[in-house]
**Q** 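Got a structure for you, questions after.
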Amino acid sequence: MSEIINAIFTYGFLSRALIVGLLISVCAAVLGVILVLKRYSMIGDGLSHISFGALAFASVMGFAPLSVALPVVAAAAVLLLRLGGKKIKGDSLIAIISGSALAIGIMLISYSGTSADMNSYLIGSLYAISKNDMAMAIVLCMCVMIVFTLLYNRIFCITFDEDFASATGIKVNLYNTIVAVLIAVTVVLGMRLMGALLISSLIVFPALSAMRVFKSFMAVTISAACISVISFLAGFFLTLLWDGMPTGACITLVNLIIFIGLSIAEKVRK
Amino acid sequence: MAIIELKNVTMSYEGSRVINELSISINKGDYVCVVGENGSGKTTLIKGLLGLKALDGGEIIFGEGLRKNEIGYLPQQSEMQRDFPASVKEVVRSGRINRKGILAFFGAKDRKICDNAMKKLEIDHLAHKCYHELSGGQQQKVLLARAICASEHLLILDEPASSLDVGAADEMYEVINKLHDEGMTIIMISHDIEKALTWADYVLHLGNQKALYYGRSKDYKARAIEGGFWERGK
């Protein structure tokens with residue numbers, strides 16, 4: 001264990017992965033509570049596919065990956081959260097947009113003949129976190145914390161009852177847009193670590209686990225963040241202990257174990 | 001003076017006109033029950049009053065110093081709310097959000113108003129309970145307490161007893177009547193005309209894009225039978 005801790009302080013990529021992972025875990029968990037309660041659990045999955053398509057496009061065209069992925073995913077998130085359920089049902093809309101984006105990404109990679117570092121985007125990697133990613137993760141986490149703290153009561157009101165919130169004069173669409181953009185940034189940054197295939201589990205699992213035990217919005221939000229941090233740390237150290245294990249998969253499995261444990265605890269308590 | 005006045009209000013639902021040039025006024029302290037068949041525009045009208053849906057034409061004038069965002073609204077419960085992890089206190093307190101600026105933090109005054117609303121509806125003992133663990137009747141009372149926190153003057157209730165059993169529905173109507181007796185103006189959508197006639201002072205019967213009847217509830221039945229919309233209203 002002491003070797004691992006030494007390695008974290010010795011190798012910059014490990015300390016960056018640890019910092020970014022912790023920050024993204026907190027953001028994903030807090031935003032995940034809103035998504036799960038709004039019945040938009042699959043949005044993280046959809047956005048990660050869209051992000052994969054955007055990153056493939058950037059890679060083939062020679063653009064900076066984040067400069068393409070962030071605006072594209074943010075626009076998709078706004079579209080999904082605001083249009084979902086109007087003309088096409090929310091889950092169907094996610095399936096259409098994410099499937100199409102993934103197909104475009106795969107076509108572009110096949111056509112160009114370059115796989116670039118697409119594998120790391122698909123399954124995640126500890127080695128993929130750049131200094132730029134870390135700076136963005138710090139800014140994102142600060143934004144999420146500030147937005148959540150200052151607007152907590154409004155976010156609760158909107159999440160619980162959009163019609164009532166609108167009737168009291170809250171600009172629901174504006175708040176949904178803010179949340180959508182924050183989710184988009186979380187997904188794009190989190191993909192480097194968790195991979196496109198597993199980033200949604202970082203968003204959904206902590207909220208679902210917290211909801212097994214806690215029965216108020218405040219308690220669910222705080223405990224989801226704690227569960228997410230614990231899962232990340234466990235997954236991170238497991239990755240380092242078992243060389244070659246993918247980080248995203250380890251974190252997801254730890255999350256699954258916590259979810260099963262808390263579900264059993266809920267049954268026993270009843 | 002009227003607390004709400006509708007002048008030639010015209011509204012549509014999904015592209016179809018459901019209300020055409022409706023003009024009515026509701027005075028402070030009135031208890032108005034809005035009835036009509038499915039698709040007659042009841043909920044559309046309520047959403048227009050709340051500013052949740054734009055009018056195609058006409059205008060809605062608020063009097064008696066009432067502001068549009070100071071209406072206590074009790075919407076129909078969504079499926080999402082049924083397993084929402086929120087304490088009763090959190091839900092009731094969110095009714096005070098319309099009195100707050102961009103940074104909506106609740107103070108001692110808000111807490112006192114919420115406590116009073118819960119006491120008034122006799123749900124103060126449930127304050128720390130989880131909303132989704134309550135019975136249907138208790139949940140409706142929690143949402144009514146939230147509406148009271150949002151307004152001391154006007155409540156708009158969208159079928160408050162629709163998902164309740166007979167006993168809980170009667171209790172709900174009694175609670176609403178008690179609030180009316182204390183001076184609250186009530187506008188309530190209901191499918192249950194018999195109950196509406198029991199409790200409400202006025203009935204607004206919507207149909208064929210207009211008000212088939214708007215007047216005192218005691219005169220409604222004779223006019224409804226005469227006009228041929230009694231059975232349809234039921």
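Within every chain, numbering begins at 1; the chains are lettered A, B, ... in the order of the sequence lines, protein sequences first and strands thereafter.
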**Q** Taking atom CD of B:E122 as the centre, does the number of heavy atoms from other residues, nucleotides or ligands within less than 6.0 Å exceed 12?
**A** no
**Q** Checking B:A86 against chain A: side chain, backbone, both or neither under 4.5 Å from a heavy atom?
**A** both
**Q** Checking B:H128 against chain A: side chain, backbone, both or neither under 4.5 Å from a heavy atom?
**A** neither
**Q** Which residues in residues 250-263 of chain A have any heavy atom lying under 4.5 Å from a heavy atom of chain B?
**A** none
**Q** Using non-hydrogen atoms and a limit below 4.5 Å, what part of residues 205-225 of chain A faces chain B?
**A** A:M211, A:F214, A:K215, A:S216, A:F217, A:M218, A:V220
**Q** With a 4.5 angstrom heavy-atom cut-off, could you sort out which part of B:L52 is near chain A: side chain, backbone, both or neither?
**A** side chain
**Q** Kindly compute the distance separating SG (A:C157) from CZ (B:R146), expressed to the nearest 0.5 Å.
**A** 6.5 Å
**Q** Measuring heavy-atom distances to chain A, does B:Y131 have an atom under 4.5 Å in its side chain, in its backbone, in both, or in neither?
**A** side chain
**Q** As an exercise, state the distance from CG of B:N98 to CZ of A:F164, rounded to the nearest 0.5 Å.
**A** 6.5 Å
**Q** Quick check on B:L143 against chain A: is it the side chain, the backbone, both or neither that has a heavy atom closer than 4.5 Å?
**A** side chain
**Q** Are any non-hydrogen side-chain atoms of B:V91 and A:F156 less than 4.5 angstrom apart?
**A** yes
**Q** Counting heavy-atom pairs under 4.5 Å to chain B, which of A:T149, A:D163, A:I170, A:V36 comes out on top?
**A** A:D163
**Q** At a heavy-atom separation under 4.5 Å, does A:L151 approach chain B through its side chain, its backbone, both, or neither?
**A** side chain
**Q** Please classify the contact of B:E70 with chain A as side chain, backbone, both or neither, using a heavy-atom distance under 4.5 Å.
**A** neither
**Q** In Å, rounded to the nearest 0.5 Å, how long is the span from CG of A:D161 to CZ of B:F84?
**A** 9.5 Å
**Q** Measure distances from B:K129 to the heavy atoms of chain A and classify the residue's part below 4.5 Å as side chain, backbone, both or neither.
**A** neither
**Q** Determine whether more than 12 heavy atoms belonging to other residues, nucleotides or ligands lie under 6.0 Å from atom CZ of B:R17.
**A** yes
**Q** Does OH belonging to B:Y13 count more than 12 external heavy atoms closer than 6.0 Å?
**A** no
